[in-house]
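Right, one structure below, let's go through it.
Nothing here was measured: the structure is a model prediction, and the numbers come from that model.
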Amino acid sequence: FGNASLKHDIEGTQSPLISSIMFATGILGNVAALVILEVRRCRENRARNARRRTLFQILITSLVVTDLAGTCLISPFVLLSYSQNTTLVGMLPENNIVCKYFGVSMTFFSLATMSLLCAMALERCFAIGYPYLYNQHITKKCAYIAIPLLFFFCTLFCLLPFTGFGTYVQYCPGTWCFIDMNPKGREDRAYANLYASVMLVLVLVIVACNCSVVYQLFKMYQRRRRNGSVVSCPRANSDRKAVSIAEEVEHLILLVFMTIIFIICTMPLVIRVYLNSIWTNESHHMDLIALRFISVNSIIDPWVFILLSPSVLHFSHVGVKMLSCLFCLQPLILDHKSVDCCSFFIIWQNI
């Protein structure tokens with residue numbers, strides 16, 4: 001296990017089944033999420049109501065495309081490694097280029113997806129908490145500038161090991177390459193800690209922004225109860241229609257669940273890097289578990305978006321209302337009119 005970084009052959013007990021399922025699930029989920037986004041965009045264009053959500057949609061689309069690209073550019077090498085019974089190092093042992101490519105890709109897409117989620121959280125925070133500042137300074141052009149800049153800085157960070165600051169190594173069973181989480185050199189250790197610190201800061205910023213949005217939505221809800229009307233939230237000079245809290249809650253629910261998934265998938269790796277910096281006792285098995293957690297993020301992420309899309313949320317909300325109505329827990333409300341459906345069902349059964 002300790003010589004995993006030098007092995008050229010995969011252990012015979014390893015099976016490509018799980019990797020194949022993860023690859024297929026990731027492709028299917030991301031493609032389905034892109035289709036849902038496109039359908040929603042066309043529907044809102046027909047309704048002439050697309051300007052309000054343009055910036056958020058650009059960010060969520062970029063996140064899904066990034067997840068899809070990560071799945072397509074990384075997973076095939078795992079399947080190829082299994083098919084040839086050759087580790088990533090063993091594919092081109094002269095210059096170790098395949099392992100380095102895999103390590104760069106893993107690092108880049110983990111940073112890029114977390115950065116995009118952070119941008120989404122910041123966008124919601126400014127839109128809800130500072131609507132006038134958002135209206136004056138934040139437009140969809142900001143996304144067109146910010147997204148390439150995020151990718152540029154993530155790329156620079158991933159290329160630092162080629163300058164001698166940090167290193168990529170192979171992990172057991174030979175189908176993984178990533179930042180060395182048990183480095184011996186001072187520069188390599190500093191690079192691993194820098195990666196963990198950047199991920200931790202992004203997580204903290206996302207959590208802080210989501211908490212701020214929850215607080216602002218609660219204040220909006222209190223104002224609406226006092227005023228007895230829908231809360232207005234200015235978006236653009238040409239679009240000052242009232243925005244219900246329910247629509248903002250839909251965005252918030254999506255962000256919160258995505259944040260939870262990112263934290264679950266990212267924090268094991270961050271913790272492993274810090275623990276390896278404090279204690280010298282290596283645990284390659286725990287390092288491998290942390291790598292597997294971060295690799296499933298791009299697979300789970302689109303399915304979270306699909307399950308928490310507005311249409312699914314609306315269907316679930318109506319379903320809960322119908323069930324509570326059937327069990328006479330509350331009257332059914334349709335078109336702002338209360339219908340005593342329990343009485344309706346009793347009358348209907350006696351006809």
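To the nearest 0.5 Å, atoms OH (Tyr82) and OG (Ser20) are separated by 9.0 Å. To the nearest 0.5 angstrom, Met22 atom CE is 8.5 Å from Ile300 atom CD1. To the nearest 0.5 Å, the span separating CD1 on Ile60 from CG on Leu63 amounts to 5.0 Å. Atom CG of Leu59 sits about 9.5 Å away from atom CZ of Arg124, to the nearest 0.5 Å. Rounded to the nearest 0.5 Å, atoms SG (Cys142) and CD1 (Ile147) are 11.0 Å apart. Between the CD1 atom in Ile27 and the CG atom in Leu68 there is a gap of 5.0 Å [rounded to 0.5 Å].
Side-chain atoms of Thr266 do not come within 3.5 Å of backbone N or O of Ile263 as any donor-acceptor pair. Side-chain atoms of Ser75 never come within 3.5 Å of backbone atoms of Cys72 as a donor-acceptor pair (strictly under, hydrogens ignored). Here the side chain of Thr71 pairs no donor or acceptor atom with the backbone of Ala69 at under 3.5 angstrom. Formation of a donor-acceptor pair under 3.5 Å by the Asn135 side chain with backbone atoms of Pro131 is not found in this model.
Side-chain atoms of Ile58 and Tyr144, non-hydrogen and from C-beta on, do get closer than 4.5 Å to each other. With contacts defined as side-chain heavy-atom distances shorter than 4.5 Å, the pair Ile261/Cys265 qualifies. In this structure the side chain of Ser115 never reaches within 4.5 angstrom of the side chain of Phe153, judged on heavy atoms. Side-chain contact between Val169 and Phe178 is absent, with no heavy atoms from C-beta onward closer than 4.5 Å. Counting heavy atoms from C-beta on, the side chains of Leu291 and Met181 come closer than 4.5 Å. Contact of the Ser19 side chain with the Thr175 side chain is not registered, since no non-hydrogen atoms from C-beta on lie closer than 4.5 Å. When side chains are defined from C-beta on, Leu73 counts as touching Phe109, because their heavy atoms get closer than 4.5 Å.
Residues Leu55 and Leu133 fall within the same hydrophobic cluster, defined by Ile, Leu, Val, Met, Phe, Trp and Tyr side chains chained together at heavy-atom separations under 4.5 Å. Criterion: ILVMFWY side-chain heavy atoms under 4.5 Å apart, direct or through other members. Under it, Phe165 and Phe108 are part of a common hydrophobic cluster. The cluster map of Ile, Leu, Val, Met, Phe, Trp and Tyr, joined by side-chain heavy atoms under 4.5 Å apart, puts Ile21 and Ile18 in different clusters. Note: the hydrophobic cluster containing Leu269 also contains Met286 (ILVMFWY, side chain heavy atoms under 4.5 Å, direct or indirect links). Note on Val203 and Phe157: same hydrophobic cluster, where clusters join Ile, Leu, Val, Met, Phe, Trp and Tyr whose side-chain heavy atoms are under 4.5 Å apart, directly or indirectly.
Side chain to side chain, Tyr274 and Ser197 meet the donor-acceptor criterion of an N or O pair below 3.5 Å. Residues Asp180 and Thr167 have side chains that never bring a donor and an acceptor to within less than 3.5 angstrom of each other. Using modelled atom types, one finds a donor on one side chain and an acceptor on the other under 3.5 Å when comparing Arg272 with Asn276.
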One pair to check against ring pair (Phe, Tyr, Trp, His ring centres under 6.0 Å): Phe257 and Phe262. What are the steps and the verdict? CA-CA 9 Å; Phe257 274 87; Phe262 270 91; over 10 Å; no
Side chain to side chain contact (heavy atoms under 4.5 Å, CB included) for Leu116 and Phe151? Distances and angles first, verdict last. CA-CA 9 Å; Leu116 286 172; Phe151 289 161; 4.2 Å; yes
Do Cys177 and Tyr171 pass the side chain to side chain contact (heavy atoms under 4.5 Å, CB included) test, and can you show the C-alpha distance, the side-chain angles, and the key distance before you say yes or no? CA-CA 6 Å; Cys177 283; Tyr171 290 85; 5.9 Å; no
Applying side chain to side chain contact (heavy atoms under 4.5 Å, CB included) to Val64 and Asp67, what does each step give before you reach the verdict? CA-CA 5 Å; Val64 175; Asp67 286 337; 5.7 Å; no
Between Phe126 and Tyr134, does the ring pair (Phe, Tyr, Trp, His ring centres under 6.0 Å) criterion hold? Intermediate values first, please. CA-CA 6 Å; Phe126 277 101; Tyr134 180 91; 7.9 Å; no
What verdict does the side chain to side chain contact (heavy atoms under 4.5 Å, CB included) test give for Met106 and Ile179, after you've listed the backbone C-alpha separation in whole Å, the side-chain angles of each residue and the deciding distance to 0.1 Å? CA-CA 9 Å; Met106 284 280 292; Ile179 297 171; over 6 Å; no
Under 3.5 Å, which donor-acceptor pairs link side chains of residues 209-217 to any protein atom two or more places apart or in another chain?
| from | atom 1 | to | atom 2 | distance (Å) |
| --- | --- | --- | --- | --- |
| Asn210 | ND2 | Ile206 | O | 3.4 |
| Asn210 | ND2 | Thr259 | OG1 | 3.0 |

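Closest approach of Gly103 to Thr107, counting heavy atoms only: O-OG1, 2.8 Å. Heavy atoms only, all atoms of each residue included: Tyr195 and Ser110 are closest at OH-OG, 2.8 Å.
Ring geometry, Phe162 versus Tyr168: the interplanar angle falls from 30° to 60°, so the pair is classed tilted.
For the side chain to side chain contact (heavy atoms under 4.5 Å, CB included) criterion with Cys118, the lone passing option out of Leu202, Val201, Thr113 is Leu202.
The ring pair (Phe, Tyr, Trp, His ring centres under 6.0 Å) contacts involving residues 84-106 comprise Phe77-Tyr101, where partners must be two or more places apart or lie in separate chains.
Listed by chain and residue number, nothing satisfies the salt bridge (charged side-chain N to carboxylate O under 4.0 Å, His left out) test with Glu187 (two or more places apart in sequence, or in another chain).
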